[in-house]
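All ligand and atom numbering here is 1-based and tracks the order in the structure.
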Amino acid sequence: MAEIILNGNTYSFEKGESILDVANRNGVHIPTLCYLKEITPIGACRLCLVQVDGAKRLQAACVTYAMDGMKVETDNEYIWTHRKQMLDFILIKHPLDCPVCDKAGECMLQDTAYEFGMMSEKVSSEKPQDPKAYWNKIVYNSNLCVLCERCIKSCHEMTGCSALKMEDRGFYNHVTPAKGETLNCDFCGTCIDRCPVGALLDTQFHNQARVWDLDETTTASPFSASEGDVVYGVLDGKIERGKSVEGFQISSQSRFGFNYIENPSRIKTPLVKSGGDFSPKTWEEVISVLKDRLAGCKPENTAMLMGSRLTNEAIAAYKALMGAVGSKKIVTEADFTKPAFMKKYKEKFGTFANIRRADDLKKADLIFVVGADLRHEAVGLKWRMMNAVIHNDCKLITVGLKRYEYDVFTNKSFLADGGDFGGIFEKIKTDNAETFADVREYIKDAKKIAFIVGNEYTSSCPQPEAVLSFADFVGKDKMSAFLVANDKTNIYGLYAQELFANGYSADELIKDLEAKNIKNLFLVGFNNTYTGETAERLNNALRTAETVVAVDLFNDGTSAKANIFLPAKAALEVDGSFVKIGGRLARVRKVVDTPGEQKSDTEIASMLAKIFKAEIPPCPEEIYNTMLAGKSGYPEVKFNILDSCLVIKTEPSFNETAYKYEQPKSGEKTVFVNPRHHSGTITAKANFTFRDEFAVQKFHFQQAEETITAETCESAAKGIKLVTKKF
Ligand code: FES
């Protein structure tokens with residue numbers, strides 16, 4: 001094995017590793033500023049200079065490959081003199097404004113200056129006084145920018161957006177939007193997290209607090225099933241900012257959308273409707289009303305609609321509540337998101353769980369993204385996919401209804417006119433045109449092939465099994481992952497607890513409601529934001545139940561049809577767990593106190609159970625330990641150590657999919673372009689319009705509109721009726 005000598009010690013290394021990689025792996029410290037593990041090295045700051053035997057000049061360790069027999073010094077006076085000179089150059093422009101800079105306390109440059117023992121600048125100079133640039137939720141201060149390019153590279157390589165570039169030269173060199181006046185991107189804020197200094201900040205946090213005053217809590221994203229954890233900083237009981245855990249990426253919702261919990265339209269006390277109007281009640285009063293209304297409640301007349309914002313513990317508690325009633329009539333959001341596809345999926349793989357893990361994407365050498373707009377559906381899959389493309393030389397093929405921002409990285413991107421995804425797969429299998437033959441070659445050459453299937457496919461493809469059959473063509477030996485993207489926060493928790501295709505469907509509930517068979521209906525965290533006949537029929541049928549009890553945060557949408565409203569705590573206000581995409585359990589940790597009298601879902605389930613003379617623990621820890629650990633695939637561990645454990649499923653089967661391609665009939669077709677964006681707690685409408693002063697941002701709504709209008713959807717020009725959900 002090849003070996004390198006660092007400071008007289010011998011270390012082995014893999015081909016392609018830099019001197020810095022070897023040093024980091026073996027605990028040899030080399031200072032850095034522009035280096036980031038998750039992107040390709042930049043070599044901009046030169047703080048990582050080292051002395052390589054035989055080289056005339058000092059070399060940057062991050063961009064110098066390790067070679068067999070290479071001798072390197074990393075720590076002598078000569079090297080430190082030059083590193084300090086490099087830092088002096090940076091400080092010619094960068095002001096020592098730490099006392100008034102938001103980044104102070106977590107600034108890499110500040111830390112490096114302390115490490116180098118440099119308390120003042122050596123070369124005094126007049127600092128630039130350029131105005132800050134406000135790009136909606138991101139503010140850029142070029143005066144503080146050290147030109148390390150981490151923001152540009154991480155935007156390009158991690159998000160696929162490529163929204164930033166460098167402009168001008170020398171002293172005037174600065175970062176700017178790649179196109180136009182502002183950023184055309186997801187506003188995920190990856191650039192903010194990667195900026196080593198205070199040049200890029202989020203506008204919500206700018207000038208709000210000193211970082212050392214923040215009380216930080218790391219919790220599972222309450223907005224998405226695919227993202228990593230979010231670190232929320234709290235000051236005086238108020239969340240001031242969200243940021244990603246090192247090395248991961250979060251969405252704009254997780255970073256900026258947390259203040260939906262302070263929205264004034266949030267319901268803080270129980271409500272009971274009489275004479276058409278809701279009036280506030282105490283918890284004692286509402287329980288007394290419920291006791292009267294639910295007296296004589298019969299199992300066959302009682303049903304529940306359950307949403308995906310609930311933690312695993314809340315799902316288990318509500319399931320137990322229905323057990324106490326004696327009813328199995330539970331319908332969940334899983335019945336509204338990809339039901340036809342998921343049934344075929346289970347036939348093929350024998351499970352509703354995703355096949356393999358999200359991280360398996362990083363090792364793939366060919367990825368098919370099928371009808372998935374990953375910026376909306378699964379940011380966490382997108383950056384893993386980008387990681388494979390950038391670092392693993394992975395081939396990328398998209399088959400979709402429109403162009404995606406990461407299409408600049410694709411080897412082939414196909415438009416499935418009118419949702420005819422099956423037609424593209426047929427061509428890949430048999431067509432001799434070069435573009436399709438190339439894909440066959442990629443498949444032949446690849447060893448690990450991954451699929452990501454999203455909403456546009458599952459909503460629009462007339463033959464949901466087409467992609468499953470295509471997976472047969474690829475072959476199970478090569479298939480390294482098959483991931484169904486879903487933007488619902490804990491949809492995989494509903495699957496894990498077998499609350500889909502469990503003997504009672506949305507259709508049966510609607511028929512029961514229409515026949516006035518359901519007298520008592522519980523809506524727990526369920527908001528019907530779906531399109532289609534089933535969703536509309538459900539909305540119309542809801543009022544036929546005599547007692548509709550809604551448990552939620554806002555009394556709008558579906559819960560407005562209730563006659564009793566029980567205000568719930570949000571995911572940022574409770575403890576618990578979610579199942580994330582790929583089957584990883586993630587701990588939900590309480591970040592802030594609740595502003596009113598809301599109760600957690602587990603407390604509410606516990607209170608309701610008492611009406612039916614049953615005991616359900618209100619505490620999520622007790623629920624996990626007694627009702628979930630070791631059951632339904634949940635790991636048999638204690639609640640306090642479940643974070644990152646995997647929900648264990650039996651090995652998937654790989655049954656052949658019975659399928660014959662049918663060309664869609666000519667005439668008007670309906671396709672669903674990016675039809676949903678509802679995390680279970682907030683919707684696109686909540687985020688981007690009605691509540692935009694409190695939540696994410698109007699521009700994002702405009703961006704979403706741009707994405708789905710006829711002008712930007714190429715398929716639209718071909719007589720296809722676009723269906724988009726207006727919340
Ligand atoms: Fe090597 Fe910046 S870390 S040049």
Just which atoms of ligand 1 are under 4.0 Å from any heavy atom in Thr32? 3 (S)
Can you sort out which atoms of ligand 1 are near Tyr35, meaning under 4.0 Å from one of its heavy atoms? 3 (S)
Between [Y] and [X], is there a side-chain donor-acceptor contact under 3.5 Å, judged purely by atom types and distance?
X      : Y      : result
Ser413 : Arg403 : yes
Gln249 : Thr190 : yes
Asn143 : Asn141 : yes
Lys153 : Thr40  : yes

Dump the intermediate steps for side-chain contact (heavy atoms from CB on, under 4.5 Å) on Glu167 and His174, then the final yes or no. CA-CA 6 Å; Glu167 202 163 75; His174 64 281; 3.8 Å; yes
Filtering Ala44, Cys45, Gly43, Pro31 for the heavy atom nearest atom 3 (S) of ligand 1 leaves Cys45
Check whether any N, O or S atom of Cys62 sits under 2.8 Å from atom 1 (Fe) of ligand 1. yes
Among all the protein's non-hydrogen atoms, which is closest to atom 4 (S) of ligand 1, and how far away is it? Arg46 N, 3.2 Å
